[in-house]
Amino acid sequence: MTSNAHRWVYAFADGDGRNKILLGGKGANLCEMTRMGLNVPPGFVITTEACLAYLADSQRRLPEGLLEETRAHMASLEAQTGRRFGGKDDPLLVSVRSGSAMSMPGMMDTILNLGLNETTLAALIRHTGNERFGYDAWRRFIQLFGKVALGVPDVQFDEQFDAVKARVGVKQDVMLGAEDLREIGERFLQVVQRHTGRPFPADPYEQLEIAIKAVFGSWMGKRAVDYRREFRITPEMANGTAVNVVTMVFGNMGNDSATGVGFTRNPATGENQLYGEYLTNAQGEDVVAGIRTPKAIADLATEMPALHAQLVELRNRLERHYREVQDFEFTIERGTLYCLQTRNGKMNAASRVRTSVEMHEEGLLSRNEAIMRVDPADLEQMLFPRLDPAHKGQPLATGLPASPGAASGQAVFDADRAAVLGKQGTRVILVREETKPEDIHGFFASQGILTSRGGKTSHAAVVARGMGKPCVAGAEGIQVDVAMRVAFVGDQVVKEGDVITIDGSNGRVYRGEVPKVEADFSPALVRLLEWADQHARLGVRANADTPQDAQRALRYGARGIGLCRTERMFNAADRLPMVVDMIVAETPEQRRAALDQLLPIQRTDFAGIFKAMAPHAVTIRLLDPPIHEFLPTERQLEEDIARLHDLRGAARGMEVMTEAARSVPGARISAALRDLGDTRLIDATIARKEAVLRKVRALREVNPMLGHRGVRLGITYPEIYTMQIRAVLEAAADCLRAGIEVHPEIMVPQVCTAQELKLVRDYMTAVQQEVELTYGVSVPCKFGTMVEVVRACMRAENLAEVAEFFSFGTNDLTQATFSFSREDAENKFLPMYNERGILQDNPFEVLDVKGVGRLMALAVEWGRRTRAALKVGICGEHGGHPASIRFCDSIGLDYVSCSAPRVPIARLAAAQAAISGAGGADRCAPQLLDHANAGAGRYS
Ligand code: PEP
Ligand code: MG
C-alpha cells in the first residue's frame with residue numbers, strides 16, 4: 001500500500017478490483033467490471049485512505065493533491081464522453097456514491113445529477129429537447145444534494161413537493177408537468193437557502209468538493225457508527241469509505257430507457273434463473289422508493305427483446321467471473337445497456353445451500369468453496385420452523401433467544417396442567433417464571449417454553465435445546481402468577497388458554513397464532529452435509545439423554561453421543577419417587593433397596609440408547625447435580641405438612657363426631673365419613689414428608705453448584721455410581737449378546753483430582769469383572785472424565801493417567817474461569833458488559849478462546865503428554881457454535897458434541913474448520929473468507 005500512499009484517485013480502468021479495503025466494495029467492482037469489458041459508465045474512485053486522511057485532519061481539509069487529482073480525472077471523463085463538466089452545451093453530470101469494503105445498506109446515500117446549475121440545466125434541456133426531463137433531474141439533484149451533503153431534512157422537501165402536487169391535483173409524480181417540476185426546483189432552492197442560510201452552490205466543482213466531504217464525513221455519522229457496532233465491523237474489515245464519481249446515464253429519457261435491479265439467481269429459492277425488476281422511463285431511486293410498481297425482468301423479453309438478451313449475457317458474464325450470485329443494477333439509456341453496480345447477492349439459507357450445491361455441480365465452484373460459502377449458523381433457518389418473514393406484528397414481550405424455532409399454543413402456567421392438556425392433543429406453551437427439573441413432563445407436552453427469568457443456559461434453555469423445542473428465556477417484562485393462572489405483560493393480561501406464539505430464534509413473544517414457515521431439510525442440504533462429512537476432521541456427536549433423542553440425533557447426522565446426562569432420566573414421573581427413596585434412605589441398605597428398583601430402569605434406558613446409536617460410541621455421564629434438586633423445596637414441604645396437620649385435626653373431629661353420634665338416637669354416620677376419621681394414612685404421609693424435610697434441611701448448601709455434586713456425590717454415596725455403572729455395563733452386555741455393536745464410555749463429572757477418578761475407576765473395575773462373569777461376554781468400556789474445573793485442566797497430565805478420554809464441559813469451565821455464575825451473569829450484567837464493549841460476546845455462547853480456550857489447549861497438550869492416544873471432545877454448549885468449533889479443531893480435539901438439532905451446523909462448521917485449517921481457505925474466492933475469518937471469543 002505504501003507505493004499508493006499519495007495516490008488518492010483511481011480511474012475505473014486502473015483500479016485493482018480485488019482491493020476492496022482501498023476502493024470500497026462498490027468501487028472495486030466498478031473497476032473490475034470495467035476491466036472485464038462490461039459497459040460501465042466512465043468514472044473513478046477516491047480511496048478510503050483519502051477518507052481516513054480527511055477524517056484525521058482536525059480542520060477537516062481534504063488531503064493535499066486530492067482536488068487536483070479529481071480535476072484531472074474529471075478532465076479524463078470529459079474526454080471520454082465528449083461532454084464538459086459545467087459546460088454550456090452538452091453538460092457532463094455525475095453521480096457521487098459512497099462505498100466501503102463491507103456493504104452497509106442505507107448508510108450513506110447517493111447524489112445523482114451533480115453538476116447541474118442554471119446554466120447546465122438550460123444546456124441539458126436544449127441538448128435533450130426534453131424540458132420535463134431537465135427539470136425532473138434538477139429537482140432530484142437539489143433534494144439529494146440538500147439532504148446528503150447539506151443535511152436538510154427530507155420532510156422539508158416533501159412538504160413543498162406535496163404542496164405542488166395538491167395544487168395541481170395529482171397523486172403521482174409522473175403526472176407532474178415540466179412547469180410543475182420547475183416550480184418544485186425553485187421551492188427546493190428556497191428550502192436549502194432557509195436551512196443553510198446560503199444559496200445553493202452553483203459551481204459544479206464546489207458541488208463536487210462538498211459532496212466528497214459529505215460522503216467522507218458520513219463514515220463517522222451516528223447511523224454508520226451504530227451500524228458498525230451492531231454488526232461488529234472492525235477496521236480490519238472496513239476502514240473508511242471510498243467515493244465513486246460516475247458519469248450519469250439516464251433511464252428516464254423515454255420509453256427506450258429503463259432502470260432495474262437484477263439477481264443472477266433467484267435469491268429466495270436459489271433457482272438458476274435471471275431474476276429481478278425494472279421500470280421503463282425511470283431513475284434508479286424510483287425502483288427503490290416504490291413510487292411505481294416495477295415489472296418482472298421476464299417482461300423485458302417482450303418489451304425490449306434485444307436488451308433482454310444483453311441482460312442475460314451480462315448475467316452470465318458476471319456469474320462466470322465472480323463465481324458468486326450477483327445482485328446488480330443496470331440502466332438502459334436510449335437503447336444502450338449500462339451496468340452501474342454489482343455485489344454479492346444476499347440470500348436466505350435455503351437458497352445459499354442450493355446455489356452452493358448447484359454451482360459446484362455446474363463447475364463454477366470447487367467442493368471446498370461450496371462448503372465454505374454457507375455460514376453454518378444460517379442453517380438454523382432451515383432446521384427449525386420460523387415465523388413467516390412477511391409477518392409484521394408487534395411483539396408482546398421480548399426475551400432471550402434461548403432455543404431456536406417458532407411455536408404457537410395455549411399459554412399454560414404449570415407443568416402438570418401442560419401435561420394434561422398436551423395429552424388431550426392441545427398445543428400448549430409452558431409459561432413459567434423459571435423451570436426446574438421436576439417440570440420435565442411439562443416440557444414433553446409443550447410446543448415451546450417461555451420463562452420470565454434465566455438466561456440462555458438456564459435449565460429451560462438447555463432442556464429445550466436438547467429436545468429441539470423453541471424456548472424464549474428471561475422475558476423479564478412478563479410476570480407469571482401461577483395461582484391465578486395468568487401472566488401480566490405491562491398492562492396486558494394473558495390468561496391460561498390464550499394463544500401465544502414464541503420465536504426462540506430472536507426471543508420475541510406474540511399474542512395469538514403467527515403464521516410459520518416450516519423447516520426445510522432439503523436434498524441440497526443433505527448433499528452439502530455429505531460433502532462436509534468427507535472433509536471434516538472433527539467428529540460430531542450429540543448430547544442426548546433418551547433413546548428418542550438418540551434416534552433424532554442420528555437423523556441429523558450425529559455419529560455418537562458425547563454426553564448423556566443421566567439425571568434427566570431420574571426426573572421422569574415414574575422414577576422420581578424411587579430417586580426420592582434413594583435420597584432419604586437413612587442407611588446404605590435402604591439406599592441399596594431403592595437403587596435396586598432404579599437399576600433395571602436405567603439398564604433399559606441405556607440399552608435403548610446403545611441400540612439407537614449402534615455402532616457409534618455413547619458417553620454416559622454419572623450423576624452430576626446436587627441431589628437436593630430431586631426433592632421438593634423446603635417451603636413446599638412445610639406448607640404440605642401444615643396442611644396435613646390441618647387435615648389430621650379435621651379427621652380427629654370426625655372421630656369425635658362418630659363417637660358422639662352413638663349417643664344421639666337416630667343419628668347415622670356414613671362409612672365414608674367414618675373412614676375419614678382414620679388418621680393412619682395421614683400420619684404416614686406426614687412422617688414421609690417430615691423425613692424428606694429433614695433430608696432437605698440436612699442437604700442445604702450455601703452454594704450447591706460448588707458443593708456436594710458430581711464425583712463428590714459418587715464418593716460419598718458409592719452405591720449410586722456403582723448402580724449406574726452396573727446399569728451401563730449390563731445394558732452393554734445385553735446388547736453384545738444380541739449381536740449389537742456397542743461402545744460405551746463412562747464419564748465422571750466435576751473431577752479435580754486423579755485420586756477421585758481412581759476411586760470411581762475401582763468401582764468400575766469391580767463391577768466390570770462381575771458383569772463379564774455373569775453375562776459371559778467381555779464388555780469393553782472406556783473410562784474418562786469431564787474437564788470442567790480449572791484444577792482439572794492444570795492437572796491434566798495426572799488425570800490422563802487414569803482417564804482414557806477427556807470431555808470439556810465448557811459450561812462449567814466458563815463459569816469457573818470467569819467466576820461468573822452463568823444465570824446471574826446473563827440476567828444481570830452481561831448484556832451491559834456486551835453493550836459497553838467490556839466483553840464482545842456472551843462467553844456462555846461463544847467460547848472465550850483467550851481464557852477458557854487457553855486452559856483447554858494446555859489440558860489437551862498436557863493430557864496427551866501422558867497418554868498420546870487420549871481422546872478429547874467438548875460437550876458444553878459451545879460444541880454447537882461454529883467459531884468455537886473452529887477453535888476446537890485448531891487445538892486438536894477429536895470431536896464436538898452438541899444438541900441434536902445443532903448437529904448439521906456443527907458438521908458444516910467442522911468441515912470449514914478443516915478446510916481453512918489446511919490452508920484451503922486461501923484458495924477460496926476472497927468474499928468467502930468473511931465467514932472463515934470471523935473469530936470466536938474476542939476478548940482482550
Ligand atoms: C458443562 O459443564 O459444560 C456440561 C456439559 O455439564 P452441564 O451443562 O450438565 O453442567
Ligand atoms: Mg457441567
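Every number for a ligand or one of its atoms is a count from 1 in the order of the listing. Keep in mind it's a predicted model, so treat the numbers as computed, not measured.
The atom of Glu788 nearest to the Mg ion (ligand 2) is OE1, with the search restricted to N, O or S atoms. Nearest N/O/S atom of Asp812 with respect to the Mg ion (ligand 2) is recorded as OD2.
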Could you please spell out the steps behind the side-chain hydrogen bond (donor to acceptor under 3.5 Å, both in side chains) verdict for Asp812 and Gln815? CA-CA 5 Å; Asp812 275 307; Gln815 289 205 105; 3.3 Å; yes
The test is side-chain hydrogen bond (donor to acceptor under 3.5 Å, both in side chains); show your working for Arg621 and Ser807 and say whether it passes. CA-CA 10 Å; Arg621 180 177 75 183; Ser807 179; over 6 Å; no
Could you walk me through whether Glu745 and His743 pass side-chain hydrogen bond (donor to acceptor under 3.5 Å, both in side chains), step by step? CA-CA 7 Å; Glu745 301 179 340; His743 296 281; over 6 Å; no
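A distance below 6.0 Å separates the ring centres of Phe443 and His459.
Here the rule is side chain to side chain contact (heavy atoms under 4.5 Å, CB included) with Cys564, and of Ile620, Asn543, Val728 only Ile620 fits it. Among Asp841, Leu847, Asn842, the single residue meeting the side chain to side chain contact (heavy atoms under 4.5 Å, CB included) criterion with Glu845 is Asn842.
Only the side chain of Arg621 comes within 4.0 Å of ligand 1, counting heavy atoms alone; its backbone N, CA, C and O stay farther away. The proximity of Leu563 to ligand 1, defined as any non-hydrogen pair under 4.0 Å, is limited to the side chain. When non-hydrogen atoms are compared, ligand 1 lies under 4.0 Å from the backbone of Asp812 as well as from its side chain. Proximity of Glu877 to ligand 1, defined as any heavy-atom pair under 4.0 Å, is not found for any part of the residue.
Of all the heavy atoms in Ile725 and Met764, the pair that sits closest is CG2-CA, 4.0 Å.
Near Glu788, meaning under 4.0 Å from any of its heavy atoms, are these atoms of ligand 1: 1 (C), 2 (O), 6 (O). Within ligand 1, the atoms closer than 4.0 Å to a non-hydrogen atom of Gly809 are 1 (C), 2 (O), 3 (O), numbered from 1 in the order shown. Below 4.0 Å from some heavy atom of Met786 lie the following atoms of ligand 1, by number and element: 4 (C), 5 (C), 6 (O).
Considering only non-hydrogen atoms, atom 8 (O) of ligand 1 lies nearest to Arg565 out of Arg568, Arg565, His878.
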